[in-house]
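Written below as structure tokens is the structure these notes are about.
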Amino acid sequence: MSNANVTKTWLEFNLLPIELCSVSFQKSGVCLIDGVSVRLNSRGITVILGPNGAGKSILLRLLHGLEIPNEGTVLFKGVVADETIKRKQAMVFQNAVLLRRSVMENLSFVANLHKPQKPSNLLELLAEVGLAEKQHMPARRLSGGEKQRLCLARALVSQPELLLLDEPTASLDPYSVQMIETLLIKLQHQNTKIIFITHDLNQARRLAEDIIFVHKGRLEVFQPADSFFEKPDSEFAKAFIEGRLIF
């Protein structure tokens with residue numbers, strides 16, 4: 001790829017910076033996110049860490065527009081997301097939800113909602129997640145790891161600029177974890193911004209460029225990954241890394 005093409009690609013990546021500005025979210029009278037402000041400029045993988053119930057998944061849902069803040073705003077390059085911006089995002093959830101159709105039909109259904117793609121392109125995408133030979137199999141007959149890999153492939157059909165993942169490798173087999181991680185690394189090198197929730201600290205060390213650490217709905221740390229794991233800017237984060245209980 002020429003330098004000119006590389007420059008053009010980077011300029012066209014237009015969802016950064018991503019900002020949460022004093023974002024709070026309450027549900028049934030309970031504050032789940034409390035005044036979070038953070039600005040993401042990194043084109044690498046941002047990993048969200050924190051104990052159970054910290055608000056990690058709610059943050060992703062707020063970023064994707066599945067939840068609306070009670071206070072504050074979520075901005076992409078300075079503006080609130082409209083339908084055009086939302087179409088440049090995709091999200092993969094922890095539990096795979098698939099159509100009662102074949103593996104290939106799960107991809108083609110999504111492709112028809114966006115820009116139709118050639119079957120060969122969809123087959124290449126299935127090959128990326130190791131499912132090309134199972135394209136005609138009913139999707140719900142896949143193993144757990146295969147289902148999650150299919151969900152990731154389906155999310156990539158629209159060629160999102162922002163990919164949000166909520167513990168996509170939890171309880172998966174090592175082969176599926178490695179395949180998903182390899183694809184995510186490839187995607188970040190293609191200028192896809194990735195925001196990823198995990199409980200696996202080793203996985204965070206492998207993937208993260210920077211870390212968001214949340215506790216009780218509050219932002220405790222936003223820090224480059226190397227310095228976070230060496231010397232976190234929060235006693236809660238330090239306890240989390242050391243495997244101690246956090247209250």
Side-chain angles (χ1 to χ4, degrees), residues 13-97 113 151 155 158 160-168 170 192-200 204 208-225 228 232-240 245-247:
F13 183 78
N14 61 8
L15 292 187
L16 288 176
I18 301 165
E19 298 176 83
L20 288 90
C21 306
S22 301
V23 167
S24 293
F25 178 77
Q26 296 93 33
K27 193 167 187 177
S28 301
V30 178
C31 181
L32 301 176
I33 298 294
D34 186 7
V36 170
S37 293
V38 65
R39 177 184 173 97
L40 303 179
N41 291 307
S42 158
R43 298 179 190 274
I45 298 175
T46 296
V47 168
I48 302 177
L49 295 175
N52 288 332
K56 303 183 297 295
S57 296
I58 294 293
L59 275 182
L60 277 198
R61 294 175 67 85
L62 288 164
L63 285 166
H64 198 41
L66 297 176
E67 304 285 1
I68 305 300
N70 298 100
E71 299 176 20
T73 52
V74 179
L75 302 176
F76 299 88
K77 205 173 182 180
V79 298
V80 176
D82 57 14
E83 288 306 313
T84 299
I85 289 176
K86 289 178 181 178
R87 283 197 295 270
K88 296 179 181 180
Q89 303 181 27
M91 185 165 175
V92 178
F93 299 90
Q94 180 176 350
N95 298 314
V97 179
L113 297 177
C151 286
S158 63
E161 295 180 14
L162 172 62
L163 180 61
L164 306 165
L165 303 110
D166 190 351
E167 297 192 63
T192 300
K193 175 61 185 175
I194 297 167
I195 304 177
F196 185 102
I197 293 175
T198 182
H199 278 285
D200 186 337
E209 179 170 328
D210 44 35
I211 301 287
I212 290 173
F213 182 84
V214 291
H215 178 50
K216 293 185 177 179
R218 295 187 293 272
L219 176 67
E220 285 287 332
V221 172
F222 176 51
Q223 195 172 353
F228 175 83
D233 291 338
S234 159
E235 285 302 315
F236 288 120
K238 182 179 179 181
F240 183 81
L245 296 176
I246 303 175
F247 300 98

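Note: hydrogens, waters and symmetry copies are ignored here, and every other heavy atom, side chains too, is used. Position 1 is the first residue of the sequence, and the numbers go up from there.
Between the side chain of Asn70 and the backbone N or O of Gln26 there is at least one donor-acceptor pair closer than 3.5 Å. Side-chain atoms of Ser24 come within 3.5 Å of backbone N or O of Gly35 as a donor-acceptor pair. Between the Ser37 side chain and the Ser22 main chain, a donor and an acceptor come within less than 3.5 Å of each other. Under the 3.5 Å distance criterion, the side-chain polar atoms of Gln89 are left unmatched by any main-chain donor or acceptor of Pro160.
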For a side chain to side chain donor-acceptor pair (under 3.5 Å) check, start with the C-alpha distance between Thr46 and Lys193, then their side-chain angles and the critical distance, and finish with the verdict. CA-CA 8 Å; Thr46 296; Lys193 175 61 185 175; 2.6 Å; yes

Stepwise, does the side-chain contact (heavy atoms from CB on, under 4.5 Å) test hold for Val221 with Ile211? CA-CA 7 Å; Val221 172; Ile211 301 287; 5.6 Å; no

Residues Ile195, Ile48; criterion side-chain contact (heavy atoms from CB on, under 4.5 Å); working and verdict: CA-CA 7 Å; Ile195 304 177; Ile48 302 177; 3.7 Å; yes

Working note: Gln94 + Leu165, criterion side-chain contact (heavy atoms from CB on, under 4.5 Å); need CA distance, chi angles, decisive distance, verdict. CA-CA 8 Å; Gln94 180 176 350; Leu165 303 110; over 6 Å; no

Run the numbers on Thr73 and Val23 for side-chain contact (heavy atoms from CB on, under 4.5 Å), then give the verdict. CA-CA 6 Å; Thr73 52; Val23 167; 5.8 Å; no

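Summarising the geometry of Val92 relative to Ala155, their closest heavy-atom pair is CG2-CB, 3.6 Å, with the distance given to 0.1 Å. Summarising the geometry of Phe93 relative to Arg61, their closest heavy-atom pair is CE2-NH1, 4.0 Å, with the distance given to 0.1 Å. Across Leu16 and Ser42, no two heavy atoms sit closer than the pair CD1-O, 3.8 Å. The two residues Pro51 and Phe240 have their closest heavy-atom pair at N-CE1, 3.8 Å. Taking every heavy atom of both residues into account, Cys151 and Ala96 meet most closely at SG-CB, 3.5 Å. Between Phe25 and Pro69, the shortest heavy-atom distance links the atoms CD1-CA, 4.5 Å.
Taken to the nearest 0.5 Å, the NE2 atom of His64 stands 6.5 Å off from the CG atom of Leu164. Once rounded to the nearest 0.5 Å, the distance linking NZ of Lys56 with CD1 of Ile197 reads 6.5 Å. Distance check: Lys86 NZ to Leu66 CG gives 8.5 Å after rounding to the nearest 0.5 Å. Of the inter-residue distances, the one linking Phe222 atom CZ with Ser234 atom OG reads 15.0 Å to the nearest 0.5 angstrom. A distance of 3.5 Å separates CG in Asp166 from OG in Ser57, rounded to the nearest 0.5 Å. Atom CD of Glu67 and atom CG of Leu60 lie 11.5 Å apart (nearest 0.5 Å).
Side-chain contact between Leu162 and Lys88: absent, with no pair of heavy atoms (C-beta onward) separated by less than 4.5 Å. Leu20 is listed as a side-chain neighbour of Leu63, based on a closest heavy-atom distance under 4.5 Å. Between Ile45 and Glu209 the shortest side-chain heavy-atom distance does not fall below 4.5 Å. Using a 4.5 Å cut-off on side-chain heavy atoms (C-beta onward), Val214 and Leu49 make no contact. A heavy-atom distance below 4.5 Å is found between the side chains of Leu75 and Val80. Contact of the His215 side chain with the Ile246 side chain is registered, since non-hydrogen atoms from C-beta on lie closer than 4.5 Å. Between Pro17 and Leu40, the closest side-chain pair of non-hydrogen atoms is not below 4.5 Å.
Taking the six-membered ring for Trp and the full ring otherwise, Phe236 and Phe213 have centroids separated by 6.0 Å or more.
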